[in-house]
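Count residues from 1 along the sequence.
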Amino acid sequence: MEINQLTAAEERVWRAFPRGEAVDFRESAGEDPADGGSWGAERTVRAQVLRALLLDGPRQDGEIPSLSLAGARITGRLDLQYATIDHPVRLRHCHFEQAPRCYAARLRELNLSESVLPGLVAHAVHVDGVLRLTRTRCTGAVRLGGARIAGSLYLESAEVAAPGTEEPVLQLNQAALDADLWAPGLRTQGQIRLHGATVAGSVNLGEARLSHPGQAALDAETFAVEGDMLVRHAEVRGSLGLRGARIAGRLDLSYTLLSHPEGSALRASSTTIGELWLRKGPPMEGGLNLRRAQLDVLFLEPESAPGEVLLNHLTYGSLVPHEPAERRLPLLERDRDGYVPHAYEQLAAAYRRIGDDHAARLVQLARQRRHRRTLPWYGRLWGLVQDVTVGYGFRPMRAAGWLLSLLAIGSVAFALHHPQPLKPGEAPPFHPVFYTFDLLLPVISFGQESAFAPRGGYQVLAYVLVLTGWILATTVIAGVTRTVSRQ
């Protein structure tokens, strides 16, 4: 392209390029590039001129060329697909008539901050530095699937929406970032897709507003993050899907609203996460799916838990903050799968690891009571007997209380009415306490039961004491065996 074919605005950009100088057409710092459609020829640059500069623009000895343009209206499509661009590309505060195309291009740096675009087509793009879309407004999809970015991707306070399209509005599936995904304050209307993407640093979605009601607002299956994923003070309307993701650091959802009443607001099944923080936020509107997840730390405040959970085969090393068992147990009752023994075992183990044996016993007792509701009538009846008598072995003092009460009743009754000896000449002296002991605890014998035979109502009392003694003995043995097996 010859310089005599350029407009005055384009010639200014052309002459600045070889020296790496910035060109700023803005008339005021506060002007809105959304109004760029009305900007005149004095600040209009054709996309083909920018393409010619980047592919074969002039050079000047001793200078490093770069394209640095602000406040311009860019007409036509900036088509850089398959191109290799060795110069930084900075197109800030600009208004694009058509979505730039950088499919499979290789760029040194791309900065479209604070610009207004009808979308961005950049599948499989390679960026040797950073890609900046800070405060960028896109009215179409941003396609970065398969992108390779050596630095960070910046999306602070960016806005992405694509009315009328069913595809994800922000596509980062299979993308690889060697640094951070930095997007505090991001606003999206539609789905963010992160399937198979990897981030070597951290992800920051603090104060983001992600909206895709009734569907997935963020779909990140098999997403991998080597650092933290921060979604603090955010609002997610639509499901937050992380199935099969791996987050080495912390997934922090503190102070965040998760709303997806149609299903699981947070789907983190089969994930591996260092720490999951669910705290200080309103209760989830929707379910919490942590099936088969592996967590080192689960920070879950009971107030932040939803009305429905899926916890089967969830494993965690520690559970914070420390709460009484009575505050944790209602969550297990709300499992969509019904009675899930593994969830009770995990909670009891978490209490045992911090030395709270009392809470662990309460959890195990709740587990047995919950299990009892799944049994046939005769199993429920026997379970009720075990519960009332010895608390399934987790309330041993209750058994002692029953024994002492029955011992007192029997001793008083038989002291007032001695049973008749079977062999008067050979019977030992009658002792009501020892006789009651023989009835209650047949494994211990004081020689009283075999020597005396009560009659009438006292015989019925003797049978009741014998039966009660056997029930107490078997339930205590069963409870002790169960407790020892879990140590």
- prompt: Using 4.0 Å as the upper bound for N to carboxylate O, is an ion pair formed by R373 and E333?
  reply: yes
query: Under the 3.5 angstrom rule, does the side chain of R51 hit a backbone N or O of D79 as a donor-acceptor pair?
result: yes
message: Can you tell whether the side chains of R237 and E262 come within less than 4.0 Å, N to carboxylate O?
response: no
R106 CZ: over 12 foreign heavy atoms closer than 6.0 Å: no
task: Evaluate the ring planes of F299 and W277, with Trp represented by its six-membered ring, and classify them as parallel (under 30°), tilted (30 to 60°) or perpendicular (over 60°).
output: tilted
- prompt: CG/L278 to OH/Y255 distance, rounded to the nearest 0.5 angstrom?
  reply: 13.5 Å
Side-chain heavy-atom pair L107, V125 within 4.5 angstrom cut-off: yes
task: Using modelled atom types only, decide if a donor and an acceptor are shared between the side chain of S113 and the backbone of H93 within a distance under 3.5 Å.
output: no
query: Is a salt bridge present between R334 and E308, judged by a nitrogen-to-oxygen distance below 4.0 Å?
result: no
- prompt: Roughly how far, to the nearest 0.5 Å, is CG of N173 from CG of L194?
  reply: 8.0 Å
message: Once side chain to side chain contact (heavy atoms under 4.5 Å, CB included) is applied, do any residues pair with E156, and if so which ones, sequence neighbours excluded?
response: T134, Y154, W182, P184
task: Kindly say whether P168 contributes a backbone atom to a donor-acceptor pair with the side chain of Q171 at under 3.5 angstrom?
output: yes
task: Using a strict 4.0 Å threshold on nitrogen-to-oxygen distance, state whether E345 and R367 make a salt bridge.
output: yes
field: Heavy-atom neighbours of Q346 CD exceed 12 at 6.0 Å
entry: yes
query: Relative to each other, are the rings of Y339 and H371 parallel, tilted or perpendicular (30° and 60° limits)?
result: tilted
- prompt: Looking only at atom types and distance, does a side-chain atom of R77 sit under 3.5 Å from a main-chain N or O of A99, one as donor and one as acceptor?
  reply: yes
message: Between H95 (side chain only) and P33 (backbone N and O only), is there a donor and an acceptor less than 3.5 Å apart?
response: yes
D252 vs D228 side-chain heavy atoms within contact, under 4.5 Å: no
message: Tell me if a side-chain donor or acceptor on R353 pairs with a main-chain N or O of G317 at a distance below 3.5 Å.
response: yes
query: Distance-only, no hydrogens or angles: does the S269 side chain make a donor-acceptor pair with backbone N or O of N289 under 3.5 Å?
result: no
Listing, residues 318-326 side-chain donor-acceptor contacts under 3.5 Å, not counting sequence neighbours, or none:
from, atom 1, to, atom 2, distance (Å)
H322, NE2, D356, OD2, 3.1
E323, OE1, R327, NE, 3.1
E323, OE2, R327, NH2, 3.4

- prompt: Taking C-beta and beyond as the side chain, do Y344 and Q364 meet within less than 4.5 Å on heavy atoms?
  reply: no
statement: Of L170, V160, L218, the one forming a side-chain contact (heavy atoms from CB on, under 4.5 Å) with L210 is L218
query: Heavy atoms, side chains only, cut-off 4.5 Å: are L310 and D337 in contact?
result: yes
- request: Apply the side-chain contact (heavy atoms from CB on, under 4.5 Å) test between V121 and each candidate in Q98, Q81, R143; give the one that qualifies.
  value: R143
- prompt: Would you say L253 and L230 make side-chain contact, with heavy atoms under 4.5 Å?
  reply: no
task: Walk me through it: do Y351 and R361 pass the test side chain to side chain contact (heavy atoms under 4.5 Å, CB included)?
output: CA-CA 9 Å; Y351 280 121; R361 286 193 295 271; over 6 Å; no
query: Atom CD in E114, atom CG in D32: separation rounded to 0.5 Å?
result: 11.0 Å
- request: Examine distances only and state if a side-chain atom of R267 and a backbone atom of A265 form a donor-acceptor pair shorter than 3.5 Å.
  value: no
Got a list of side-chain donor-acceptor pairs under 3.5 Å for residues 279-286, not counting sequence neighbours?
from, atom 1, to, atom 2, distance (Å)
R279, NH1, S254, OG, 3.4
E285, OE1, S259, OG, 2.6

message: Regarding E221 and R243, does a basic nitrogen lie under 4.0 Å from an acidic carboxylate oxygen?
response: yes
field: Closest approach of P306 to G287 (non-hydrogen atoms, all atoms of both residues)
entry: CG-C, 4.2 Å
field: Side-chain donor or acceptor of S202 paired with backbone N/O of D180 under 3.5 Å
entry: no
- prompt: Are any of the side-chain heavy atoms of F96 and R73 separated by less than 4.5 Å?
  reply: no
task: Given side chain to side chain contact (heavy atoms under 4.5 Å, CB included), test L6 with R46 step by step and report yes or no.
output: CA-CA 9 Å; L6 305 178; R46 290 171 291 170; 4.2 Å; yes
- request: Please report the shortest heavy-atom distance between E97 and P118, naming the atom on each side.
  value: O-CG, 3.6 Å
task: For the pair T271 and I247, evaluate side chain to side chain contact (heavy atoms under 4.5 Å, CB included) and give the outcome as yes or no after the intermediate values.
output: CA-CA 8 Å; T271 57; I247 301 171; over 6 Å; no
task: For the pair R59 (side chain) and G57 (backbone), establish whether a donor and an acceptor sit closer than 3.5 Å, ignoring hydrogens and angles.
output: yes
task: State, with a plain yes or no, whether a side-chain heavy atom of L67 is found less than 4.5 Å away from one of L54.
output: yes
task: Might you work through the side chain to side chain contact (heavy atoms under 4.5 Å, CB included) test for V340 and L311, ending with a clear yes or no?
output: CA-CA 8 Å; V340 179; L311 304 176; 5.7 Å; no
- prompt: Side-chain contact, heavy-atom cut-off 4.5 Å: L290 with L276?
  reply: yes
- prompt: Do F223 and H195 make the cut of ring centroids closer than 6.0 angstrom?
  reply: no
message: How long is the straight-line distance from CD of Q189 back to OG1 of T139, given to the nearest 0.5 Å?
response: 13.0 Å
